[in-house]
Each structure stands twice: as C-alpha cells, then as structure tokens.
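Below: one structure, written as structure tokens.
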2 protein chains.
Amino acid sequence: MNADSTKSWQAVRAEVLRRIRDREWKPGELVPHEAELARELGCSRTTVNRALRAVAEDGLIERRRRAGTRVALHPVRKARLDIPVIRVEIENRGLAYSYSLISQAEELPPPAVRARLQSPPDHKMLHVLGLHLADGCPYALEDRWIDPDAVPEAREADFTQISPNEWLVLTVPFGGGDIAFSAVEAGPDEAEALDCAPGAALFVTERTTWRGSRMLTTVQLLFAPRYRLHTRI
Amino acid sequence: MNADSTKSWQAVRAEVLRRIRDREWKPGELVPHEAELARELGCSRTTVNRALRAVAEDGLIERRRRAGTRVALHPVRKARLDIPVIRVEIENRGLAYSYSLISQAEELPPPAVRARLQSPPDHKMLHVLGLHLADGCPYALEDRWIDPDAVPEAREADFTQISPNEWLVLTVPFGGGDIAFSAVEAGPDEAEALDCAPGAALFVTERTTWRGSRMLTTVQLLFAPRYRLHTRI
DNA sequence: TTCGTGATTAAGTGCACACATATTTGCAAG
DNA sequence: CTTGCAAATATGTGTGCACTTAATCACGAA
C-alpha cells in the first residue's frame with residue numbers, strides 16, 4: 001500500500017505485537033527505545049510513540065520515563081466493558097423493550113445503601129423499584145436509590161413512563177461511578193418478579209455514581225437467570 | 001504553570017468534559033470542529049485531537065470524519081476491567097496465595113466445551129481441575145480444557161506446581177480471547193471444593209482464548225460466594 | 001559505606017504543517 | 001425524482017522539531 005517506507009501507527013503496533021507474540025521480545029525484557037524503533041522501522045518517533053501507547057493501554061507492555069519500555073511480566077489484560085442503558089442493550093438484541101414500575105417511595109434506606117451513598121442516618125431517599133422486560137419476559141430487576149437533595153428533579157420524574165436507569169442518563173450530567181459484579185440467590189420477591197425459582201443464582205451488577213464528591217444514586221440490577229455479560233479481549 | 005495560552009491535552013479534555021457535564025454541549029449536539037476549538041482554546045489542533053480522541057474512547061462523544069463530533073445521545077459508558085492472573089489478584093489483596101491440583105487427564109470434552117473450542121467430535125483434550133486458595137480458603141475453582149494440538153507443551157507441564165492459569169500466561173504467546181460473566185448455582189462437587197452450601201450462587205467467568213484462528217483453551221472459573229468483581233468508571 | 005546531587009537519558013507532550021480518507025452536500029444529467 | 005459525480009470539509013494520521021519531566025546513574029562529599 002505504502003510503497004515508501006512510511007508505516008502507519010497500526011502497522012507499528014502490529015509489528016510490536018508480533019515481536020511480543022513470537023517472543024522476540026521476552027516478558028520482562030526491555031525493548032528498544034522509541035527513537036531506535038523509529039529508525040529501525042523507518043517512521044517518526046511520534047508514530048512509534050502512538051503505537052507503543054496503544055499497546056501499553058492493553059496492558060502488554062509497561063512504560064516508564066527514563067526506565068524505558070518493557071514487556072509486561074504478568075500481562076494484566078485490560079478488557080473493555082460496555083455499559084449501555086438497558087433499553088438499548090435489549091433492543092440491540094433485537095428484542096422488544098418494555099418497562100414496568102413496581103414501586104416508588106421516599107423512605108429511609110437500609111444501612112448498606114446508606115453506606116454506599118455516604119448519607120446521614122435520618123436522610124430519606126427516593127426508592128424506585130422497576131422491572132425491565134425483553135419481549136415481555138423479565139430481564140432485570142432494578143432496585144434504585146436516589147438522593148433527592150443531589151437530584152431534586154427526580155421527585156417530579158414520572159418513572160412509570162421511563163426507567164430511572166434511562167431517566168438518569170438523560171437528565172443527570174455524568175460524573176464518576178463504580179461498578180461491582182457478583183452473584184446472589186434469588187429471594188422470594190425477586191424470584192416472583194423475575195419469574196424464576198427462589199434460590200436461583202442471579203447475576204448482579206451494583207453501581208454507585210457521583211458528581212464531584214456528591215453521591216447521586218446507587219442501583220442494584222438483578223438479572224434473570226442465564227444472563228451473561230460478554231466482552232472480548 | 002503555563003503563563004502563556006498553551007494548554008495540555010488533559011486540560012482540553014477537562015474543559016470538554018466540563019462543557020458536556022454542564023450541558024453547554026447538549027446530548028446529540030454537534031460540537032465545534034477541531035480547528036475551531038484549537039483557536040478558541042489557544043492550542044494546536046493536534047492537542048485538541050488528542051483530547052477529543054480520549055473523550056471518545058470513554059464513549060462520551062462520537063466522532064466521524066466529515067460528519068464531525070457530537071455528544072453521545074446514549075452514552076455507552078466504557079469501563080475498563082483488569083484481568084490479572086489469579087495469584088496476582090490474591091496477592092494484591094494482601095493474602096497468601098496457594099494452589100492445589102485436583103485432577104488432570106486427557107479426555108473427551110463435553111459438547112459445550114467442544115462448541116467453544118470448535119474441536120472435532122473425537123478429539124481428546126487436556127482437562128485440568130484446580131483450586132486457587134487465598135490464605136488457605138477456597139477462592140476460585142478453575143476448570144480448564146486445553147487443546148494439546150494447539151499447545152503441545154501443555155502435556156509436559158507440571159500443574160501441581162503452577163496453575164494452568166499462570167502457566168498459560170507465561171508460556172503461551174498471547175492472542176485474542178473472549179470473556180463472559182454470569183452466575184450459577186453450586187453443584188455438589190463444586191460446593192465441596194469451594195466449601196460452601198450446594199445451590200449457593202457463584203460468580204462465574206468463562207474465557208476462551210485463541211491465537212490467530214486456532215482455539216487454544218477455555219476455562220471456567222467458579223468463585224467462592226461473596227466474590228465481587230470491581231471496577232470504576 | 002552511604003547519602004546527596006547533578007548529569008544523562010527515555011518517555012511525555014506540544015506545535016506547525018501536510019496529506020489521507022471518509023462523508024456530506026450540492027449540482028447536474030438521466 | 002433519482003442517480004452519479006465532484007467539491008467541500010472534518011477528522012485521521014504522519015513528520016520533524018523542541019522542550020518537559022521523571023528516573024536512573026555516576027560521582028563526590030560526609
């Protein structure tokens with residue numbers, strides 16, 4: 001394609017990956033520095049830098065100033081996980097999305113939620129329980145707590161029409177958040193809502209999001225059995 | 001720090017994020033093009049490009065040539081998930097790691113494994129079952145199948161000393177892979193190995209890795225109850 | 001020997017410029 | 001009204017250069 005010696009950063013990355021794969025550069029070993037590689041591969045240092053940065057982001061090499069670049073000894077592979085709005089997730093599978101509100105009330109959160117949201121003991125929160133359905137079948141149970149002080153508009157929101165999941169994404173400016181995945185046994189209520197046996201193993205994701213240092217909301221999503229979260233490395 | 005008007009790409013990114021957060025740029029809206037932003041912020045287009053690329057990688061904006069850059073309508077947040085070797089994962093928590101081999105044999109894989117590895121019907125595979133322990137407590141049960149044709153060295157490996165998990169990372173040149181997370185109920189054997197009640201909800205990760213188009217190995221990791229996979233957005 | 005301390009070096013970053021490439025847009029022919 | 005093609009344009013990428021920053025190394029003083 002390029003008759004001359006210029007190489008794209010993707011080409012450089014491919015060459016770097018090949019050398020790692022073929023053990024030309026062994027794990028833990030120092031690799032030639034950028035300028036050297038640039039000379040060798042016939043491209044500019046900028047391009048080599050771009051390529052090496054990309055490889056480093058995948059966790060296959062480690063780079064430190066002055067210390068140089070070395071092949072990772074224990075490649076902590078970095079997987080990318082997409083966290084879409086549930087409606088989109090369902091629609092992407094070609095299924096019809098629907099949502100049904102189960103309950104909505106302002107109440108005192110349990111200690112676990114209080115801890116996650118770092119809220120004072122007697123602070124009431126907006127508690128919304130709803131069910132996401134795919135083609136009419138229970139898909140995920142959303143158990144959400146929203147701090148009405150941090151998100152005052154939430155009091156007016158109509159969660160019969162739109163899930164808090166989506167409402168928050170649309171309404172509340174993004175901030176940081178943290179996510180945890182685990183497994184729990186379905187309780188009786190959860191089993192009924194999700195139309196599964198009590199005690200069934202459910203995949204759970206818990207998210208807490210904040211803006212600045214202000215905690216906004218925390219949610220537990222219980223997925224119906226056989227749900228799989230999938231990604232590629 | 002910089003008295004002059006030059007801004008680092010991080011500063012530009014911060015400004016871009018601020019404008020999105022403060023709804024100066026609304027979801028779905030087209031944002032000024034790179035050259036314009038460069039002029040406005042007093043830096044080069046290269047720098048703006050670097051910043052916008054970074055923001056796009058987090059899924060907050062979408063960029064297409066000629067079409068321009070727009071704020072994502074449904075921000076599919078991209079979380080990064082670190083997949084370390086289990087030993088490292090345990091040691092990072094300050095616990096003592098140990099490993100115990102349960103069984104190792106060459107046998108015909110069940111259909112599910114055959115499907116994942118795309119292997120012919122009568123092809124025997126290396127089947128290794130082992131337990132990872134943290135401070136002596138069961139941590140994860142590793143149920144792995146290795147294609148001995150693709151990884152011939154595996155036949156000679158001593159999996160009493162090193163887990164296949166770690167052995168493969170050290171020995172086999174990396175390739176691609178795919179990962180799935182789900183939840184299952186503990187069977188009797190699994191319950192005994194993991195020292196938990198039968199029927200307990202277990203967090204599972206399944207990985208299949210390949211090199212080129214050659215399937216190498218597939219593994220199911222059953223984590224002891226209360227395991228949580230954690231990340232930050 | 002140990003502890004600064006400064007020189008050295010490799011990566012990190014910024015900039016001006018040029019060209020590549022993908023899309024859109026608009027105009028014109030059918 | 002549709003189709004095709006060319007122009008315009010925003011992002012994508014490469015290059016050469018310069019400067020910054022962090023880590024290491026070597027040297028000399030305590």
Side-chain angles (χ1 to χ4, degrees), chain A residues 1-17 19-20 25-26 28-73 75 78, chain B residues 1-17 19-20 25-73 75-76 78:
Chain A
M1 200 173 291
N2 265 319
D4 67 315
S5 63
T6 65
K7 295 202 175 189
S8 70
W9 69 268
Q10 286 99 330
V12 173
R13 179 181 59 182
E15 172 63 13
V16 167
L17 290 178
R19 292 187 184 186
I20 297 174
W25 293 342
K26 301 195 176 53
E29 204 174 85
L30 211 57
V31 316
H33 61 260
E34 295 187 348
E36 167 68 20
L37 271 176
R39 197 189 50 72
E40 187 189 334
L41 299 176
C43 64
S44 77
R45 191 172 79 91
T46 315
T47 304
V48 171
N49 181 283
R50 180 91 151 80
L52 289 183
R53 232 185 324 117
V55 176
E57 271 172 15
D58 290 338
L60 264 78
I61 58 177
E62 282 161 7
R63 325 190 67 201
R64 272 162 57 225
R65 283 188 184 175
R66 162 63 187 168
T69 298
R70 51 183 68 240
V71 180
L73 213 44
K78 264 94 174 154
Chain B
M1 201 173 293
N2 266 321
D4 67 316
S5 64
T6 64
K7 295 202 175 191
S8 71
W9 70 267
Q10 287 100 330
V12 173
R13 178 181 58 184
E15 172 63 13
V16 168
L17 290 178
R19 291 186 185 188
I20 297 174
W25 295 341
K26 300 194 177 52
E29 206 175 83
L30 211 57
V31 316
H33 61 261
E34 295 187 347
E36 168 68 19
L37 271 176
R39 197 188 51 71
E40 186 190 334
L41 299 176
C43 64
S44 78
R45 192 172 79 89
T46 316
T47 304
V48 172
N49 181 283
R50 181 91 153 78
L52 290 182
R53 232 186 323 118
V55 177
E57 271 172 15
D58 291 339
L60 265 77
I61 58 177
E62 282 161 7
R63 327 190 65 202
R64 271 163 57 226
R65 279 187 185 174
R66 161 64 188 173
T69 298
R70 53 183 68 239
V71 180
L73 212 44
V76 176
K78 266 95 173 148

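Letters go in sequence order (proteins before strands), and every chain restarts at 1. Bear in mind that the values here come from a model prediction, so they are computed numbers and not experimental data.
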It should be established whether B/R64 places a side-chain nitrogen or oxygen under 4.0 Å from OP1 or OP2 of nucleotide C/dT24. yes
D/dT13 phosphate, OP1 or OP2, under 4.0 Å from A/T46 side-chain N/O: no
Do A/L37 and A/L52 have side chains that get closer than 4.5 Å, going by heavy atoms? yes
Measure distances between side-chain N and O atoms of A/R65 and base N and O atoms of D/dT21, and say whether any donor-acceptor pair falls under 3.5 Å. yes
NA contact type, A/T47, heavy-atom cut-off 4.0 Å: base, sugar-phosphate, or nothing? sugar-phosphate
Would you mind reading off the distance between A/R39 atom CZ and C/dA10 atom P, rounded to a whole angstrom? 13 Å
Could you tell me how far apart A/N49 (CG) and D/dG16 (P) are, to the nearest whole angstrom? 15 Å
Carboxylate-amine/guanidinium contact B/R19 B/E15, below 4.0 Å: yes
OP1 or OP2 of C/dG12 under 4.0 Å from side-chain N/O of B/Q10: no
Using a distance-only test with no angle check, is there a side-chain donor-acceptor pair under 3.5 angstrom linking B/N49 and B/R53? yes
From CZ of A/R70 over to C1' of D/dT24, roughly how many Å is that when rounded to an integer? 12 Å
Could you check how far CD1 of A/I61 sits from C1' of C/dA10, rounded to whole Å? 13 Å
Classify the side chain of A/R45 versus the base of C/dT13 as yes if they form a donor-acceptor pair under 3.5 Å and no if they do not. yes
Distance in angstrom units between A/R66 CZ and C/dG12 C1', rounded: 15 Å
What are the two closest heavy atoms between A/W9 and A/A54, and how far apart are they? CZ3-CB, 3.9 Å
Value in whole Å for how far the P atom of C/dG12 lies from CG of A/L37: 13 Å
Closer than 3.5 angstrom, by distance alone: can the side chain of A/R70 be matched with the main-chain N or O of A/E62 as a donor-acceptor pair? no
May I have the distance from A/W9 (atom CH2) to D/dG12 (atom C1'), rounded to whole angstrom? 10 Å
Rounded distance (Å) that lies between atom C1' of C/dG12 and atom CD of A/E34: 8 Å
Below 4.0 angstrom from OP1 or OP2 of D/dA10, is there any side-chain N or O of B/T69? no
Map A/A11 and A/A67 onto DNA chain D by nearest heavy atom, then report which one ends up closer to the 5' terminus. A/A11
